[in-house]
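Okay, so here's the structure we're looking at.
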Amino acid sequence: MTDAPFPLIVGGDRGPQQAGARPDEDLLAGLNPQQREAVTYRGQALLIVAGAGSGKTSVLTRRIASLLRGREAWPSQILAITFTNKAAGEMRERVEQLVGEAARGMWISTFHSACVRILRREAEQFGFTKAFTIYDSGDSRALIKRLVKEHEADAYGLTPAATQSRISKLKNELSDAESYARSANMSDPAERVFVELFAAYQRELQRANAFDFDDLIGQTVFLFRAFPHVADVYRRRFRHILVDEYQDTNHAQYALIHELTRPIGSDAGPIASSGGMMIFDADPTDDPDKAGASLTVVGDSDQSIYAFRGADIRNISEFERDYPGAKVVLLEQNYRSTQNILSAANAVISNNFDRKDKKLWTDVGAGEQIVGFTGYSQHDEAQFVADEVEVLRKAGIDYAQMAVFYRTNSQSRALEEIFIRSAVPYKIMGGTKFYERAEIKDALAYLVAVSNPADEMAMRRIINRPRRGIGDVTIEAISRYAQEEQITFRDALANSSALSVGPKIQAAIAHLDAVLAEASALMLPASGELAPPTAVAEGLQLLLNKSGYYDALRASKDAQDEARIENLDELVAVAREFARNNPEGTVIDFLAEVALVSDADDLEDASGSVSLMTLHTAKGLEYDAVFVTGVEEDLIPHRISAGEPGGPQEERRLFYVGITRARKRLYVSLAMTRAQFGEVTVAMPSRFLQEIPAELLTWRQSPGDVNSRGGTQSRALNARRGSGSGYGGSGKRYGDDLVPLAKREPSGNLERFANRIPAKVRDNGDMQLAPGDRIRHDDFGEGRVDAVTGEGAKRVAHVRFDKVGPKKLLIKIAPIEKL
DNA sequence: TCCAACTCATTTTTT
DNA sequence: ATGAGTTGGA
C-alpha cells in the first residue's frame with residue numbers, strides 16, 4: 001500500500017532448504033494430527049476451536065511460518081490480530097524464532113494498534129489529521145463528564161459513568177447518535193438528552209481531532225464502508241488474516257474483519273488497479289485475483305469472558321454460517337495441565353448448558369490434588385498463599401512460575417500487604433496503571449498540546465498545572481475568545497493581551513504559549529524534516545522544566561510529590577526507550593503507543609517474582625502453580641453479574657480460565673469474612689467450588705472447619721496442628737520452617753486475627769543487622785541472623801529462629817528487636 | 001483563586 | 001478505608 005514496496009525475496013537470510021523435504025516439515029514436528037491440519041489447511045476460512053492449553057499459539061505461529069516458507073505469502077501480506085499487546089509481542093517473537101528476519105514486515109498487533117496505523121494514513125479522508133489523539137477511557141470520561149454537566153443530564157439519571165458505558169456499547173454495535181435516535185423512544189426526555197449527549201460527545205471528539213478506543217475500530221469500519229477504494233488498498237495488501245481469541249471480538253471488530261476479507265472491488269465503483277487502469281467489476285468473486293483474503297480464526301467459546309464489553313460469542317459460534325465452506329479444526333488435547341486440573345475444569349464448565357461439549361484431556365497423568373483453603377479473613381487467606389508460595393519455592397518452583405489470581409483489583413491489597421511482610425517478591429500485573437497517575441496524564445497532556453493543538457481537553461488540563469492562577473473564569477474567557485476568532489483554544493493563548501484578564505495572568509498565559517511553541521519547534525520540525533530520535537524525551541523534559549511543573553513538585557512538602565517526580569523521570573526514560581526502539585518515531589507515535597500499551601504488557605518484568613493479577617488478565621498465560629483466591633459468592637460469581645443475562649455463565653467461564661492456567665498445582669482459596677468499604681462482611685463459599693468433584697480436591701482447611709470449630713478462636717489455635725481433623729493429617733506439608741501458630745498468636749481471637757495488619761506499618765528505620773546477630777521477633781521468638789540481602793527499605797534478613805526455623809524478614813517493618 | 005474540611009461513592013473485568 | 005469531588009471561608 002502506501003509504504004515500501006513488498007520485498008522480492010522473503011527470508012533470504014535463512015538457511016538453505018533441503019531439497020525434496022517439505023519446506024515446513026520441521027514446523028510440523030511434534031504436532032498431533034489436528035494441529036497439523038490446522039497448520040497446513042489452505043482455504044478461504046479456517047476456524048480453529050482451541051481448548052485451553054491445546055497449543056494454539058504454537059499452531060498459529062507455525063501456520064504463519066509455513067505460509068512464509070512455502071512462499072505463499074510475503075510478510076507484508078499477513079495480518080495477525082491478537083487481543084493484547086503482550087500476546088502480539090509473544091507471537092512476533094515466536095514467529096521470528098521460526099522464520100527469522102522475515103517476521104519484520106508483518107503486521108502482528110492488536111485490533112486497536114492496527115486500526116491506528118490505518119487511520120493515521122487515511123485520517124485526512126474524513127476530517128481528521130494524522131496528528132489525532134487517542135482518548136483512553138479516562139479521557140473520554142472526563143469529556144463526557146463535562147458534557148453531562150453542560151447539558152444538565154444528571155437530572156435524567158444520566159451519570160457520566162452510565163453515559164460512557166452506553167455510548168461505548170452502542171459504538172461497539174457500530175451505532176452512532178443518529179442511528180440510535182431512529183430506533184430510540186424519542187418521546188422519553190431522558191432518551192432525547194442521551195442522544196444529544198452522544199452527538200455532542202462525537203462532535204467534540206471530531207473537533208479535538210481525537211478518537212476514543214471504540215472509535216479506533218468503528219471509524220475504521222466506517223472508513224472502509226464509505227471509501228471502498230481505501231478498503232481495497234488494504235484488501236489487496238492483506239491476503240492472510242489471522243485472529244486470535246476470536247470469541248472475544250465484538251461486533252465492530254467482527255465487521256472490520258469482514259470488511260477486510262471481502263473480495264477486492266466488491267463495493268463496486270471504479271477501482272484503480274495496480275496497472276493504473278480503471279476497472280469496473282460486477283462480480284469480482286469469480287475472479288481469483290480478486291478473491292478475499294484467507295481468514296483463520298482461533299477461539300474457544302468456553303473462554304469468552306468479555307461479553308460485558310460487547311464481545312459476541314456468536315461471532316465464533318456462527319462462523320460457519322458467516323463463512324460458508326469454512327473448515328473447522330478442534331484441538332482438545334491439552335499440553336499444559338495435569339488430568340486432575342483438567343477434570344476439575346471440565347466438571348466446572350460442563351455446568352454451562354448452552355455450549356458444545358468439549359473435553360480437555362492429557363496424557364501426562366493425574367498429578368497432584370487440587371488444594372483448598374478457607375481463611376478467617378482475607379489476610380488469613382493471603383498468609384496461606386504466601387506460606388504456600390514459600391513451600392513451593394523450596395520445592396524448586398521458581399517464583400516466576402507462580403501466580404495468584406483474583407476477581408477484582410481491590411483484592412490485591414491484602415495479598416500485597418502479606419507478601420511484603422513475608423518478603424515474597426511479587427509483581428502486580430495490570431492494576432493501577434502507571435499511565436493513569438495524575439502527573440503522568442499531565443505530562444502526556446503537555447505532549448498532546450504540542451502535537452495536536454486541536455485537542456482542547458489537553459489544553460484545559462494543563463493550563464493551570466502547575467498553578468498559574470488561571471481558573472474557570474479565565475479559561476472561559478479564552479474559550480470565548482477562541483470561538484469569536486474562529487481559532488483553536490491553543491492559538492488563543494498566543495494573543496493573551498486580547499483577553500480581558502489581569503496582567504499577571506496575561507504573563508502566565510504568554511509564558512505557557514512560549515514554552516509550548518519552543519517544544520513544538522523541537523519535536524515537530526516544520527518542513528518534512530525528521531526530528532532527532534531524542535526529540536520526544538528532550539521535548540518532554542523541556543516542557544516539564546520550563547512550564548514550572550518540576551519546580552512546583554520540588555517546592556512541595558507533600559511526600560507524595562517526591563514519588564511523582566520519580567514517576568515523571570520514569571516517563572522520560574520510557575520516552576528514551578521508545579526512541580531506541582523507534583528511531584523514526586515522532587511524539588505522535590509515542591503518544592499512541594502509550595495510549596494503547598498498558599503496563600500489564602511489559603511481561604519480562606515478572607522474572608523472579610510471583611505474579612498477581614485479575615482473572616481477566618490471566619487469560620492466555622500459564623504457570624506451574626496457580627492460586628485462585630476469593631472463591632466466594634458475590635465475588636466469583638460477582639454479585640453484579642447476577643442481574644446480567646448470561647452473567648453467571650460468564651463468571652463460570654472466568655473461573656474456568658483461572659483453573660486452566662495451572663500446569664502442575666492448583667489452589668483455590670477463600671475467606672470467611674471480607675472487609676469491604678471498611679466493613680467486615682461474612683462471605684459464602686462460591687457455588688463453583690461445589691462443582692469441582694470432591695475426589696479431586698483436598699481441603700487444608702474447609703469452610704466447614706472454619707465454621708464449626710472456629711468460633712471465636714483463630715486458626716492460630718486450632719489449625720495446622722498437624723493431625724487435627726479435616727486437615728489432611730500433615731503439618732509437614734508446610735515444610736520445616738512451619739510456624740506453629742499457637743505460639744505465634746498466643747492470645748489470638750478472631751477480631752485480632754482479622755485485623756492483624758496494623759493500619760500503620762512499623763518502621764525500624766535503618767536498623768543495622770549483620771550475620772551472627774541475635775534478634776527477637778514478636779511472633780517467632782529468638783533467632784540468629786544468617787545473612788542480609790537487598791538494599792535500603794527492601795533489606796531482607798535471613799533469620800534462623802530457634803523454634804520455628806529459617807525465615808526471611810523485611811528488616812524495615814518486621815516486628816523485631818536486636819538483642 | 002486557593003485551601004482545608006467535609007461528603008460521598010466506590011469495587012467487575014480492558015483496549 | 002480510601003480517594004475523589006464539593007463547599008465555604010480566606
Side-chain angles (χ1 to χ4, degrees), chain A residues 81-88 109-116 134-138 140-142 145 149 159-161 165 168 171-172 211-218 245 248-250 252-253 304-311 405-414 417 429-433 435-436 438 464 466-475 501-502 504-505 508 558 560 592-601 613-619 630 634-644 647 650-651 653-655 657-658 674-681 755 757 759:
Chain A
I81 303 273
T82 62
F83 248 75
T84 63
N85 295 291
K86 181 159 146 182
S109 70
T110 63
F111 271 107
H112 293 85
S113 306
C115 287
V116 168
I134 300 163
Y135 279 12
D136 66 21
S137 10
S140 73
R141 189 166 55 245
K145 203 169 183 180
K149 206 178 241 168
T159 63
S165 101
S168 173
K171 284 187 173 185
N172 286 333
F211 296 101
D212 66 17
F213 279 150
D214 301 318
D215 278 346
L216 293 178
I217 316 283
E245 308 283 13
D248 284 328
T249 49
N250 60 34
Q253 290 162 335
S304 162
I305 54 174
Y306 284 110
F308 71 92
R309 70 170 195 215
F405 302 153
Y406 36 80
R407 177 65 230 269
T408 69
N409 276 309
S410 61
Q411 287 168 253
S412 69
R413 196 163 295 174
E417 282 170 357
M429 318 291 279
T432 312
K433 302 259 174 22
Y435 294 109
E436 280 170 20
N464 199 31
R467 302 236 137 86
R468 301 184 171 93
I470 299 174
D472 289 344
V473 181
T474 313
I475 291 175
V501 296
K504 224 170 159 182
I505 291 176
D558 188 338
Q560 281 202 321
E593 168 146 323
V594 164
L596 295 175
V597 173
S598 65
D599 31 7
D601 288 326
M613 68 190 86
T614 65
L615 285 161
H616 282 88
T617 311
K619 193 175 69 164
D634 289 349
L635 218 43
I636 175 134
H638 196 276
R639 101 218 302 258
I640 287 175
S641 73
E644 324 229 313
E650 175 146 323
E651 297 289 309
R653 290 195 292 269
L654 191 53
F655 186 55
V657 165
R674 193 164 287 274
Q676 240 178 163
F677 315 137
E679 261 177 66
V680 178
T681 54
N755 297 314
I757 305 306

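In this text the structure is predicted, and so the values were computed from the model without any measurement. So you know, we letter chains A, B, ... as the sequences are listed, proteins then strands, and number each from 1.
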Report yes or no: does [X] contribute a side-chain atom to a donor-acceptor pair with the main-chain N or O of [Y] at less than 3.5 Å?
| X | Y | result |
| --- | --- | --- |
| A:Q411 | A:T408 | yes |
| A:E651 | A:S641 | no |
| A:N464 | A:R467 | no |
| A:D634 | A:H638 | no |

Euclidean distance, atom [atom1] of residue [X] to atom [atom2] of [N] [Å, nearest integer]:
| X | N | atom1 | atom2 | answer |
| --- | --- | --- | --- | --- |
| A:M613 | B:dT14 | CE | C1' | 14 Å |
| A:D214 | B:dT14 | CG | P | 15 Å |
| A:E245 | B:dT15 | CD | C1' | 13 Å |
| A:I475 | B:dC2 | CD1 | P | 10 Å |
| A:E436 | B:dT13 | CD | P | 11 Å |
| A:N172 | B:dT15 | CG | P | 14 Å |
| A:M429 | B:dT15 | CE | P | 12 Å |
| A:Y306 | B:dT12 | OH | P | 15 Å |

Within the 4.0 Å heavy-atom criterion, would you say [X] contacts the bases, only the backbone, or no part of the nucleic acid?
| X | answer |
| --- | --- |
| A:F111 | nothing |
| A:S113 | nothing |
| A:T474 | sugar-phosphate |

Would you say [X] places a side-chain N or O within less than 4.0 Å of OP1 or OP2 belonging to [N]?
| X | N | value |
| --- | --- | --- |
| A:S412 | B:dT11 | no |
| A:R467 | B:dC3 | yes |
| A:H638 | B:dT12 | yes |
| A:N409 | B:dT13 | yes |

Open item on the list: Determine whether a donor-acceptor pair (one donor, one acceptor, N or O, separation below 3.5 Å) exists between the side chain of A:H616 and the base of B:dT13.
Closed with: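 Indeed, a donor on one side and an acceptor on the other fall under 3.5 Å apart.
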TODO: Would you kindly check whether a donor in the side chain of A:R309 faces an acceptor in the base of B:dT15, or vice versa, at under 3.5 angstrom?
DONE: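 Such a pair does not exist between side chain and base.
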Task: SB check A:R309 A:D248 (cutoff 4.0 Å) - done: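 Answer for the salt bridge query: no.
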- [ ] Would you mind telling me which of B:dT1, B:dT11, B:dT12 lies closest to the side-chain atoms of A:R407?
- [x]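 For the A:R407 side chain, the nearest candidate turns out to be B:dT12.
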Open item on the list: Quick check for you: among B:dT14, B:dT12, B:dT15, whose closest atom lies nearest to any side-chain atom of A:T617?
Closed with: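 Of B:dT14, B:dT12, B:dT15, B:dT14 is nearest to the side chain of A:T617.
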Open item on the list: Ignoring hydrogens and geometry beyond distance, is a side-chain donor-acceptor pair present between A:S113 and A:T110 at under 3.5 Å?
Closed with: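 Judged by distance alone, the side chains do pair up.
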- [ ] For A:D472 and for A:T614, find the nucleotide of DNA chain B with the closest heavy atom, then tell me which residue's nucleotide is more 5'.
- [x]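 So the residue in question is A:D472.
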Task: 5' priority, DNA chain B, between A:N464 and A:S641 [closest heavy atom] - done: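 Nearest nucleotide further toward 5': that of A:N464.
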Task: side chain to side chain contact (heavy atoms under 4.5 Å, CB included) assessment of A:T249 paired with A:F111 - done: CA-CA 9 Å; A:T249 49; A:F111 271 107; 3.7 Å; yes
Open item on the list: Taking the C1' atom in each of B:dT12 and C:dG5, what is the distance between them to the nearest angstrom?
Closed with: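 Pairwise C1' distance, B:dT12 against C:dG5, rounds to 23 Å.
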Open item on the list: Would you call the rings of A:Y306 and A:H616 parallel, tilted or perpendicular, taking 30° and 60° as the class edges?
Closed with: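 Rings of A:Y306 and A:H616: tilted, as their planes differ by 30° to 60°.
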Task: Aromatic ring of A:F308 stacked on base six-ring of B:dT13, 5.5 Å, 30° - done: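 Yes.
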Open item on the list: Output one letter per nucleotide in nucleotides 3-10 of chain C: B when a protein non-hydrogen atom lies under 4.0 Å from the base, S when only the sugar-phosphate is that close, - when neither is.
Closed with: --S-----
